[in-house]
Amino acid sequence: IVGELPDERLDLHKEGDNLVILWPGGQLTLEPVAPYQDYPPEPLVESEKLGPAVTLDLPIETVRALVRQVIPCCATDLDRPILTTLAITSRDGQLEAAGANGYRLGVLPLTAWEGPPLSVLTSPRLWLLALKYADKSTETVRVQLGRVVSRIEVGYTSITTLNVQGTYPNYCQLIPASFMHSAVVARRDLLAAVKRANTVARDGSRDVRLIGDVDCLTVLARAEGVGEIRAELPAHTIVGSKEGLRIAFDGNYLVALLNGYSCELVKLEVNGQSNPGVWRAADSGGGPSALTVLMPMFVQW
């Protein structure tokens, strides 16, 4: 209704139980569909019964990185409902956000933490809406994490959701402590090569293969009945044993991962073609950056 009104100043006031909207030359009266007392009250984030809430002021760049780099890793099916959440947990003196679906894991540091152990499972949609409602003047987003309810305030908008109750898997076990092979390459060049390779991979088993040599990283994909595509990218550094870096990933996951980063250089670290690959930003120019773990695809080399 408001979208059809003149592009003028609108004055709103309550007249009895009705809402009256005035503009130069006209007015609109809206009747209520139900008594306002029937509308459920806004849930409390903290109280004597619920306990205190944790309040954070996160830079909008951190929220943007969380939405682009971590939330895509969250599960979307309900086979494992706990993985459809975004976990906010304390670890090693900091709060971090984690999302996983069994095939990939994203972990983003949020802020330093000196309080008691914390674990809150929030809805990814809470963070998607926070970024949606942010405008160009938004610098920080206020986050309240309660035991039952969480709330985000951005600009004039307050978004409140119920937390998910449960125990998130110990994702730290998926992150290797050391690596045998690593490569640093330009993110945009790698993204372009992976996108081209994925056009072939998606007609086959969806795997895009990465092969490291002395000073280059080869992106390779093949599909029976389609053909093969290969691209060689100059690598800033290649470190590894004589066997070299050799691993395959799901092409769609790889494209989403590289699209999410905003850095110039990305670093891939692996311990072999059957072990997870760990991706991270290799420079700090792109702002906050998540560590992403991708499970490999098993292929015949």
Side-chain angles (χ1 to χ4, degrees), residues 68-70 72-73 100 102-108 171 173-224 226-286 289-301:
R68 298 189 55 175
Q69 301 172 24
V70 180
C73 297
Y103 302 99
R104 52 182 171 171
L105 162 71
V107 181
L108 177 71
Y171 56 84
Q173 298 175 346
L174 298 175
I175 305 174
S178 59
F179 302 93
M180 296 172 57
H181 314 281
S182 67
V184 176
V185 294
R187 181 187 65 87
R188 288 183 180 147
D189 293 344
L190 180 58
L191 175 60
V194 169
K195 282 183 175 180
R196 287 191 292 267
N198 200 34
T199 61
V200 173
R202 64 189 178 202
D203 290 324
S205 57
R206 303 199 327 270
D207 62 276
V208 172
R209 310 178 188 200
L210 304 180
I211 304 171
D213 206 340
V214 178
D215 56 0
C216 74
L217 184 71
T218 299
V219 180
L220 171 68
R222 61 171 65 102
E224 186 175 350
V226 178
E228 178 180 294
I229 184 170
R230 177 188 299 263
E232 292 186 356
L233 306 177
H236 289 254
T237 57
I238 292 280
V239 177
S241 63
K242 295 180 180 179
E243 291 78 15
L245 186 155
R246 184 174 293 221
I247 194 168
F249 297 111
D250 182 293
N252 292 334
Y253 287 170
L254 206 48
V255 169
L257 181 151
L258 295 171
N259 262 329
Y261 286 120
S262 55
C263 54
E264 294 295 325
L265 301 174
V266 291
K267 185 176 186 179
L268 167 64
E269 298 172 301
V270 299
N271 282 323
Q273 62 191 43
S274 60
N275 294 291
V278 176
W279 295 83
R280 67 186 88 212
D283 63 85
S284 57
S289 177
L291 176 149
T292 306
V293 180
L294 281 188
M295 299 304 291
M297 297 188 71
F298 297 98
V299 299
Q300 293 293 330
W301 293 91

Engineer: Tell me every residue that passes side chain to side chain contact (heavy atoms under 4.5 Å, CB included) with Pro276, counting only those two or more places apart in sequence or in another chain.
Structural biologist: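 Testing Pro276 for side chain to side chain contact (heavy atoms under 4.5 Å, CB included), a comparison that skips the adjacent residues, returns Val293, Met295.
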Engineer: Nearest 0.5 Å, what's the CG-CH2 distance between Leu294 and Trp279?
Structural biologist: 7.5 Å
Engineer: So, Asp250 side chain and Met297 main chain: donor-acceptor pair closer than 3.5 Å or not?
Structural biologist: no
Engineer: Would you say Tyr103 has more than 12 foreign heavy atoms packed within less than 6.0 Å of its OH?
Structural biologist: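 Atom OH in Tyr103 is not crowded, with 12 or fewer foreign heavy atoms closer than 6.0 Å.
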Engineer: So which heavy atom on Gly251 is nearest to which on Val194, and how close?
Structural biologist: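 Minimum heavy-atom separation between Gly251 and Val194: O-CG1, 4.3 Å.
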Engineer: Ala197: what forms a side chain to side chain contact (heavy atoms under 4.5 Å, CB included) with it, not counting sequence neighbours?
Structural biologist: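 Val208, Val219, Ala221, Ile229.
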Engineer: Quick check for you: to the nearest 0.5 Å, what is the distance between Arg230 atom CZ and Thr218 atom OG1?
Structural biologist: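 Reported to 0.5 Å precision, the distance equals 6.0 Å.
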Engineer: Apply the test side-chain contact (heavy atoms from CB on, under 4.5 Å) to residues Val270 and Met180: give CA-CA distance (whole Å), side-chain angles for both, the deciding distance (0.1 Å), then the verdict.
Structural biologist: CA-CA 6 Å; Val270 299; Met180 296 172 57; over 6 Å; no
Engineer: Looking at side-chain heavy atoms only, is the closest gap between Thr292 and Leu105 below 4.5 Å?
Structural biologist: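 They are not in contact (no side-chain heavy atoms under 4.5 Å apart), so the answer is no.
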Engineer: Does anything in residues 185-201 pair up under side-chain hydrogen bond (donor to acceptor under 3.5 Å, both in side chains), and if so which pairs, sequence neighbours excluded?
Structural biologist: Asn198-Asn252
Engineer: When rounded to the nearest 0.5 angstrom, what distance separates CG in Leu217 from CG in Leu233?
Structural biologist: 6.0 Å
Engineer: Which pairs with one or both residues in residues 292-301 pass salt bridge (charged side-chain N to carboxylate O under 4.0 Å, His left out), sequence neighbours excluded?
Structural biologist: none
Engineer: Only counting residues at least two apart or in another chain, list the ones meeting salt bridge (charged side-chain N to carboxylate O under 4.0 Å, His left out) with Glu232.
Structural biologist: none
Engineer: Would you give the length of the straight line joining atom CG of Leu190 to atom CG of Leu265, rounded to the nearest 0.5 angstrom?
Structural biologist: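 Interatomic distance, Leu190 CG to Leu265 CG, rounded to 0.5 Å: 11.0 Å.
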Engineer: Applying salt bridge (charged side-chain N to carboxylate O under 4.0 Å, His left out), can you list everything that pairs with Arg202, at least two apart in sequence or on another chain?
Structural biologist: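 Not a single residue meets the salt bridge (charged side-chain N to carboxylate O under 4.0 Å, His left out) criterion with Arg202.
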Engineer: Do Val70 and Val107 have side chains that approach each other closer than 4.5 Å (heavy atoms only, starting at C-beta)?
Structural biologist: no
Engineer: Between Arg104 and Leu254 (side chain of the first, backbone of the second, donor and acceptor by atom type, cut-off under 3.5 Å), is there such a pair?
Structural biologist: no
Engineer: Decide yes or no for Leu268 and Phe249: does some side-chain heavy atom of the first lie under 4.5 Å from some side-chain heavy atom of the second?
Structural biologist: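 Leu268 reaches Phe249 side chain to side chain.
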Engineer: Of all residues at least two apart in sequence or in a different chain, which pass the salt bridge (charged side-chain N to carboxylate O under 4.0 Å, His left out) check with Arg68?
Structural biologist: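 Arg68 satisfies salt bridge (charged side-chain N to carboxylate O under 4.0 Å, His left out) with no other residue.
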Engineer: Which residues pass the side chain to side chain donor-acceptor pair (under 3.5 Å) test with Ser205, sequence neighbours left out?
Structural biologist: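 Residues passing side chain to side chain donor-acceptor pair (under 3.5 Å) with Ser205: Asp207.
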Engineer: What residues, two or more places apart in sequence or in another chain, satisfy side chain to side chain contact (heavy atoms under 4.5 Å, CB included) together with Glu269?
Structural biologist: Phe179, Ser182, Lys267, Val278, Arg280
Engineer: With distance as the sole test, does Gln69 use its side chain to make a donor-acceptor pair with the main-chain N or O of Ala290 at under 3.5 Å?
Structural biologist: yes
Engineer: Which heavy atom of Ala281 sits nearest a heavy atom of Tyr261, and at what distance?
Structural biologist: N-CE2, 4.3 Å
Engineer: Can you name the residues that form a side chain to side chain contact (heavy atoms under 4.5 Å, CB included) with Ala235, not counting sequence neighbours?
Structural biologist: Val185, Ile238
Engineer: Would you give the length of the straight line joining atom CZ of Arg246 to atom NE2 of His181, rounded to the nearest 0.5 angstrom?
Structural biologist: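 Answer for the CZ-NE2 pair, Arg246 versus His181, is 10.5 Å.
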Engineer: For residues Ser178 and Asn271, report the shortest heavy-atom separation together with the two atoms involved.
Structural biologist: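 Distance-wise, the nearest heavy atoms are O-ND2, 2.9 Å.
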Engineer: When rounded to the nearest 0.5 angstrom, what distance separates CG in Asn275 from CD1 in Ile247?
Structural biologist: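 Taking CG in Asn275 and CD1 in Ile247, the distance rounds to 7.5 Å.
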